[in-house]
Number of protein chains: 2
Amino acid sequence: MRDAVRRALEVCPVEVGIAVAGGDWKLTTVSKLADGPLRFGELQRAVGPVSAKTLTRQLRALETDGVVLRTVYPEVPPRVTYELTEAGRELATIATLLGRWSERFVPRPGPDAVSEYGPAS
Amino acid sequence: MRDAVRRALEVCPVEVGIAVAGGDWKLTTVSKLADGPLRFGELQRAVGPVSAKTLTRQLRALETDGVVLRTVYPEVPPRVTYELTEAGRELATIATLLGRWSERFVPRPGPDAVSEYGPAS
DNA sequence: CTGTATCCAACAGGATACTG
DNA sequence: CAGTATCCTGTTGGATACAG
């Protein structure tokens, strides 16, 4: 994503923010880390149905952009923890605001609103 | 993006926010509209190097998600304006926060930091 | 446990040409 | 003016298999 950030810098600060935080799972990851460090597996379960490959890439991008800190413990079996940096904690507050915004303004479909088609009767 | 929103609803509110606001140019568009309605052409110039196709799609998604309101005036030549809804105005404040966050925490490369390589001496 | 490598389908976004 | 249609390329992200 670093390239995306460089491109965004040519446009406007808001776009830079999107370049850093915009990927799927990225802000969710940050918000899950707001309560404290998590190991890779814990994080994957907490975030939801994200593949290891994608989560890894997003975490690497967040690390490059200074949002998360990755710590490897030289143990067997290996243990790796992720935690927010100062920048990450600030970003987490924005993530919270965005979550609240979506709860207020994005219409939630009813429980049985299965696409356009109702359940077969 | 509506499908993306539906999928995000299964995960968490933060992800819904990203589904709505996460595309390239989207939050920048919202922030440009914060100062008042703009016509399509004005908006395109204001946002930056975005193609008409992409801007159109993002605007349609934002309209579907209740962030912007599109008004067509039956004139020749045609005139179309875009303005923020209440949800859009709230989202714009978050966009501003995200922009400020990026200014504070995302390192700006120096003017002559051309990739990894310095200028030929 | 924490990833990486590979393959693959879907999507995003620019360029260009064209329409009402 | 405000798009749409088409073509094209690069990226995204899951699935699976494998590695240290």
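Note on naming: letters A, B, ... go to the chains in the order of the sequence lines (proteins, then strands), and numbering restarts at 1 for each one. Fair warning: this is a prediction, and the values are worked out from it, not measured in the lab.
Between the side chain of A/Glu90 and the backbone N or O of A/Ala87 there is no donor-acceptor pair closer than 3.5 Å. Between the side chain of B/Glu83 and the main chain of B/Gly36, no donor-acceptor pair closer than 3.5 Å is present. For the pair B/Lys32 (side chain) and B/Leu43 (backbone), a donor-acceptor distance under 3.5 Å is absent. A side-chain donor-acceptor contact under 3.5 Å links B/Thr29 to the backbone of B/Trp25. Remark: side-chain polar atoms of B/Thr85 are paired, donor with acceptor, to backbone N or O of B/Gly66 under 3.5 angstrom.
Look at A/Glu86 and A/Arg89 and you find a salt bridge, because one of the NZ, NE, NH1 or NH2 atoms lies within 4.0 Å of a carboxylate O, short of that distance.
Atom-to-atom, CZ of A/Arg57 to P of C/dA5 comes out at 13 Å; the value is rounded to the nearest Å. In this structure, A/Tyr73 places its OH atom 15 Å from C1' of C/dC1, rounding to the nearest Å. Rounded to whole angstrom, the span from the CG atom of A/Leu55 across to the P atom of C/dT4 amounts to 11 Å. Following rounding to the nearest Å, B/Ile18 (CD1) and D/dG13 (C1') show an atom-to-atom distance of 16 Å. For the pair B/Asp3 CG and D/dG13 P, the interatomic distance rounds to 16 Å; values are reported in whole Å. Atom CZ in A/Arg7 sits about 16 Å away from atom P in C/dA12, given to the nearest Å. Atom CG in A/Leu43 sits roughly 13 Å away from atom C1' in C/dG3 (whole-Å rounding). For the pair A/Asp24 CG and D/dG14 P, the computed distance is 8 Å after rounding to whole Å.
Counting only residues at least two apart or in different chains, side chain to side chain donor-acceptor pair (under 3.5 Å) contacts with residues 95-106 of chain B are absent.
If A/Pro78 and A/Trp25 are placed on DNA chain D by their nearest nucleotide, the residue sitting closer to the 5' end is A/Trp25.
The phosphate of D/dG13 (OP1 or OP2) has a side-chain N or O of A/Gln58 nearer than 4.0 angstrom. Taking only side-chain nitrogens and oxygens, B/Arg39 comes nearer than 4.0 Å to OP1 or OP2 of D/dA2. Considering only side-chain N and O atoms, B/Ser51 lies nowhere under 4.0 angstrom from the phosphate OP1 or OP2 of C/dG13.
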Taking only N/O atoms, report every protein-nucleotides 3-10 of chain D pair under 3.5 Å with atom names and distance.
residue: D/dG3; atom: OP1; partner: B/Arg70; partner atom: NH2; Å: 2.6
residue: D/dG3; atom: OP2; partner: B/Tyr82; partner atom: OH; Å: 2.7
residue: D/dT4; atom: OP1; partner: B/Arg60; partner atom: NH2; Å: 3.4
residue: D/dC7; atom: N4; partner: B/Lys53; partner atom: NZ; Å: 3.4

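Five base pairs at each end of the helix from C/dC1-D/dG20 to C/dG20-D/dC1 define two local axes, and these are offset by 50° (rounded to 10°).
At least one side-chain heavy atom of B/Val5 sits less than 4.5 Å from a side-chain heavy atom of B/Asp65.
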Trace of the side-chain hydrogen bond (donor to acceptor under 3.5 Å, both in side chains) decision for A/Thr28 with A/Ser31: CA-CA 5 Å; A/Thr28 299; A/Ser31 68; 5.2 Å; no
